[in-house]
K.L.:
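Please find one structure pasted underneath; my questions will follow.
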Amino acid sequence: MKLQFKYAGSSGIASDLGHSRVAFATNVLREPSFLEGDLARPLVVREGLAALHAVVVSDLKYRPKDRLEFRAWLEEQDRKFLQSLALKSEDLRAELEQKEARLEELRQRRRARLAPFRAARRQYFEHVWTDQYELDWILDPVITVHPDELAFEAFSRDESSYGRFAMKYDLFRKIDAFECGTTNVDYSTRLYRHLNRMRSYRDTRFDVSPSGFSVTSGGGTHAEKKIDLPESWVRGFLQVQSVMAMGLTRLELAPIDVFNLVRFVRRFKAKASPRALRWELEPGRRAKVVFEPWEHAIELSPAAVYEGPKRQTIRTWGRRRLRILERLVGSLEGAEVYLAGHGMPTIWVCDLGDATFTLGLSGWTDNDWTGESRFSLLSRKVDVSADQLAATYHALRAPRFATPAQLAEATGLGEEHVKSALSFLCQAGRAMVDLPGGVYRHRDLFHSPFDAKKELAKLKAAAEEADPKAKAARAIFEAGGARLIARRPVQTGYKLSGSVRGAGARVRPLLHVDHEGSIIEATCTCAEFEKHKLTKGPCEHMLALRLVHMRRLEEEA
Amino acid sequence: MQIDPVRLHRQSGHDRVAVVSLEPASTPGTVLVRVARGPSAAQLGGGTSYGPYPADQAQEPFALAVQQLKDEGFAELVPGWDLITALKGGDPAARCRAALRCAWRGKTDAADALHAAAEAAVAGKRGEACLLVESLARLGDPRALPLAIALAEKKNLSRRRSGVEALRLLHGSKALPDDARDTLRAALAAARQRGLQRLPPAVAEVLGAMDEESRKKEDVKALVKAALAGDPRRLGLVADVLYEAGTPVTVGAARRILARAQIERPHVWRYAKSVLKRAMLRRDAKTFGFLAHAVEHAALTSPGATANLKSGWDGKKKPLSVFSPKTQQYVRRACWRHLRDLARHQPAAYARTAAEVLVHYSPKDLRPPKGLVGAYGRCYLLGRVLFGGGERLVLDRKLRWRYRSPAVVGRPKQGREESFPALWDAGREAYLRVLTGAKLPDVFHFGLEGLERHPELLRHASLAQLLGLLGAPEEFTAGTPLVEKVCAELDRRFDPARPDLGLLARLLMHPQSGHPAVRAIAQRWLDQSAPTWTREERSIFQLPLAVDPVLRDHVARTLVEAFRADPALRAAHAEGFLAILKQPDEENRHGGFARVAREALVAELGARLELDAILAWLDEGSAAGRSVAGALLAAHPEGLKALGLPRLVTMAGDELAAVRAAAHALLRANVEALRADPAPLFALAESEWDDTRDVAFALLRDEVGLEHLGMDGLVGLCDSNDEEVEALGRELVVRHFDELDAEQVLYRLSEHPSRAMRAFALGLMQTHLRDGFVPLARLEGYFRAVLFDTWPSRALKWGVLELLLRRGLRDERQAQFAAGLMAELLRTHTRGDFERVAHALAVLQTKHPAIETDLRVRSDAAPPAPEAAE
């Protein structure tokens, strides 16, 4: 996907002795959203944006070292060794040594001669890194102006971390004007360094507007970026919403808990596997976090009492990404962590008072949000028509944020349909889940007009292509290969036991689904589940069993 | 009794040559009769020995052995007899060989036989006519003229070529009568006209418009450009026709065209071969060397091709093999035969021609060694020339050089391996050509060894040759004294009293003038001849363009001294300097002029330019020009008004040091303006240029006082993200702390995110924070930031804990505040922090029992000593 950004000015911060003006230049190719106001607590904004910067530049994907030079050196050593074995004559050996010395001398002279060139090349690459890299690689954060908050969203380059910094309007001393909408803001490493100059003792003006700083005369543009965005990046960004809409295990943390976790990650780096962060949860007791391989356990504060029904152990990887939260620890008033399961994503919600920072981390760094993890499959969707989708979209667009119940009331659709429609909208980048706020928010991630029919057709086509498991489950269900053995209503929904025969032998899936049909917990006797658990999403047997359950529910209704 | 060996030969059979000789046997007084025979004189076997016979009776068996060979068809060779016989004989191949021999040996006594054979061949339209006429012309016989004219008028390429080349050979003959000379000129002119008609019109037009006798590179380039713009299939033809014309321009163009064309391609090869043959006939070493190498290089990669071409044999169009391996081998061997014949019959030309061959070999001709075939294995001609006299290498049937055995792979420490070493010594100037043109290390070292054997060569070398030697690749000259020797020779020729300024200029413009030895003599010459060249206008405007920056700087420095000492000189040349500096300078070569202008001509140039013109120059000039404009602007203290502070700040960040220096001068000259508005200094203090930062720092530190900066200014410096600026801010805060509102400074500094500034703030807090709960509570953000920093300075964190404890011990409200913060940290998993926090809380809770935290202090525990904590 090719994205184009065009800015009439640049983002930056200008300070004189008593005042500061923070200006974010917005993409002039997007809808003209803006916000102008005076900040009451600039330091919170500073720390929040610093954490967002850490998300933007985060790239911890494993990249094998380039060992070509080393191998060449090794071969050279081998050659020399063999040569020395072959040289029996002392004279020849002495001559060889002399020539080697001469060669080394020539190499040194060459190094000295090339030194200015190398220095210039280094400077050039530094220039590319500081000035050009951002133009080609860093995707500018998305900014959304809502009636109650201003939110920045960013997704890391390695497609494994998602950050959202939401500033409530209470964080402003006054707001002069704003226009709701979504756009991108000009962003750079230099801007991040400038933002570190925000201080509370200066009156800080906060502007989000197309002009930003240093508008060029004659209506010219300050900068243009054209970024070829990987499809996986976009899908990952959207999958985050699917995870947030799932039934997640929630833990409340005190600032000291976050401090202890981040500090440990900062201080120690495991050189050998296992490297998981193991969450040991026992009902009614404080959760414990164990750092592998040292088995160093950190018992969380009394706030982090696990209230789930049964004991469970969840392992997550890629814990170094927690360092994104470093700048926030000092400003934290509390935090929540949402666990999706073994090897599944975790969502960290940091409470900064009038601001919230949400950090979504995939199951592990190399397992991006898209890959083979079909989180969207975990949530159930009923079929939604284009009209229903359009009605939900417009109902959400008017107030900009709402709960599913409010939208159901506004559209006259059932809550089931509204939730499914919202799920589709999230996948299309037209809405997002506000986990700490418990609402859905309108947010057009890309600048294109909304056409419900096209969006629906595109999503279904993508689902057919991208979700072979859903297709296989539908085939099993329609062939009558799935049947319910037991179905027990529980407080949170239903517990299902079934027998499914797909392409292979008959297997026994066990599901725990909520009242909406979203999978809370699941096991299966199939090989795929044995190998991957739920890290690659539910298997086709679970999905087929859920389809049987859904038909039963409809029949009962 | 002495019996000379008898050499016999016959025209058919396996063995063509036989030698009968006597040699001493092991028994004293006896001899053996040895009969050696083989396909050629070079391939005689060990032979058969008969005897032993008493020495005085050996004549009979010796004569018997000779008779037996004669019975087999062998005949004794009589010098000279065979050539004339062959020319008169019926074998065309033998006639050709004999004609060739006659031409090489200059055997005018065979001219009659040769003429008869040539006349018959031309009349009979036989293929050998070409060679016979060429040979006759080579002997300078006037009888060749009508035959050559007849051939030159033919359409067939080989006949036409032979005819024209024979005419050219006759052109140099002294035996030609005057009337024949007119005929010859007319024939040559007609041949040239016919050639021009074969050229593409564009090339003919370019050729017609130029003076062919000139040796200008531009003319050659124009011809080559016109040829290359045309049909690529006609490149060969164009090259051949141009070479046929034989003028310096056309010959140079022909070489260049062939260098750009792929000679092995069907439409080019026959013409390339033609040019090669012409070069051999003309003894044109340069073209021969180039083409001989080109053929060998093409043979490395091309297996040849088959194309539908008109046959030179029967004139029919049919598929013909072009540049086949057989042809390649034939031509490569023919090239060596030509060199060998030169060595035998024109020894003076051998070394020169061989050098021209050697200089074209480059690393592209080398192949990875494989077995006994070394890197040079595929370079047949190079091997013949460089290693043909040694015994280390032998040729295989594919014309590859291979080492005789693994033991001889290394270069011999003594002895010479080249073919005809005596001829190299005789034509020693060829070594200079090898040295100036070598592209392979072995070729270069061959030349270097020759130079070491003949050190007097440098003394007789021309200036161009000496400068060419300086241009040898550094990887070849490294570790050799060549450059130093050449420099010594150049130095010997340079007379400081009457300096050769042309030589000085050429040395300064030499690409290798950065070599330490070259630079040393150039600097010495510049100094020694300064009184002369600094007065000569041409040198003043030429030498500052020196290639080497050090020399350029030296020239500029010398000129500056001369200009400073002589106002007349300045006045005379200021206008010229200004004109040069206002020109575009994309290659950045005007740095020397700029330096002279900045350091010696500011007054003169300033008088010629108004402030507006200087500012315009500053905006639009070249780098050198802008630096001068900056220097001129610095002499205008009032320039700040026209420039404005924002533009001055931009200037201070300019990449040109001179422009920055001008900005610095203006800044220093306008301290009052900066006192009124010090904001630009804050920006300059964070400049990426050290010199600009130094100026800003100096002004902030010493010139703009606290009364102008104020507390906001000082804290503004501390707020920087630049460590040096932060440090300056800290320095100024400490210096003026007594004059500032301490509490305000502390609160402001506490918000800085850097650890260094936090530590600085803590130091101030420990001594200057006002007592009481309110001042302490206002710093909560700071305390939290330090205590919850995941990678803090241990001293800083513990210092904060200590401060909190100390303040908590003073009163209960402060203790509540401190305990609240520390209680949050009580669950830390950092042992050192935990111990300190627990201790501090215990102390506080003991002192103020009303304070409650998660820490429980046992009642039976020994009471802590608050004084100790205090």
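The sequence lines fix the lettering, A, B, ..., with proteins before strands; numbering per chain opens at 1.
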K.L.:
Would the distance check show the side chain of B/Ser793 and the main-chain N or O of B/Leu796 forming a donor-acceptor pair, the cut-off being under 3.5 Å?
P.N.:
yes
K.L.:
Do the two ring centres, one from A/Phe264 and one from A/His296, sit under 6.0 Å apart?
P.N.:
yes
K.L.:
Give, as side chain, backbone, both or neither, the part of A/Leu332 having an atom under 4.5 angstrom from any heavy atom of chain B.
P.N.:
backbone
K.L.:
Please classify the contact between B/Asp789 and chain A as side chain, backbone, both or neither, with a heavy-atom cut-off of under 4.5 Å.
P.N.:
backbone
K.L.:
Is it true that a side-chain atom of B/Asp722 and a backbone atom of B/Ala685 form a donor plus acceptor pair closer than 3.5 Å?
P.N.:
no
K.L.:
Could you tell me whether B/Glu655 atom CD has more than 12 heavy atoms of other residues or ligands within 6.0 Å of it?
P.N.:
no
K.L.:
Give the member of A/Ser331, A/Gly330, A/Ala254 that has the highest number of heavy-atom pairs under 4.5 Å with chain B.
P.N.:
A/Gly330
K.L.:
Would you mind checking which part of A/Arg323 comes under 4.5 Å of any heavy atom in chain B, side chain (CB onward), backbone (N, CA, C, O), both or neither?
P.N.:
neither
K.L.:
So which residue, A/Arg46, A/Arg110, A/Arg197, ends up with the most heavy-atom pairs under 4.5 Å with chain B?
P.N.:
A/Arg197
K.L.:
Side chain, backbone, both or neither: which part of B/Glu780 has an atom under 4.5 Å from a heavy atom of chain A?
P.N.:
neither
K.L.:
Do B/Leu762 and B/Tyr782 come within less than 4.5 Å of each other through their side chains, counting heavy atoms only?
P.N.:
yes
K.L.:
Mind checking whether B/Pro775 and B/Arg778 have side chains closer than 4.5 Å, heavy atoms only?
P.N.:
no
K.L.:
Report which part of A/Asn196 has an atom under 4.5 Å of a heavy atom belonging to chain B: side chain, backbone, both, or neither.
P.N.:
both
K.L.:
Please classify the contact between A/Glu105 and chain B as side chain, backbone, both or neither, with a heavy-atom cut-off of under 4.5 Å.
P.N.:
neither
K.L.:
Looking at chain A, which one of B/Arg784, B/Gln744, B/Arg748, B/Glu824 has the largest number of heavy-atom pairs inside 4.5 Å, strictly under?
P.N.:
B/Arg748
K.L.:
Which bit of B/Leu787 comes within less than 4.5 Å of chain A, counting heavy atoms only: side chain, backbone, both or neither?
P.N.:
backbone
K.L.:
I want to check something: taking the side chain as every heavy atom from C-beta on, are A/Phe357 and A/Leu325 in contact at a cut-off of under 4.5 Å?
P.N.:
yes
K.L.:
What part of B/Ala679 lies closer than 4.5 angstrom to a heavy atom of chain A: side chain, backbone, both or neither?
P.N.:
neither
K.L.:
Given that the side chain runs from C-beta out, which part of B/Ser720 has a heavy atom under 4.5 Å from chain A: side chain, backbone, both or neither?
P.N.:
both
K.L.:
Within the supplied structure, the quantity of interest is the number of heavy atoms (other residues, nucleotides, ligands) at a distance under 6.0 Å from A/Arg102 CZ; does it exceed 12?
P.N.:
yes
K.L.:
Kindly indicate whether the side chain of B/His752, heavy atoms from C-beta on, has any atom under 4.5 Å from the side chain of B/Phe760.
P.N.:
no
K.L.:
Count the heavy-atom pairs under 4.5 Å between each of A/Leu106, A/Val262, A/Ile298, A/Val258 and chain B, then report the option with the highest count.
P.N.:
A/Ile298
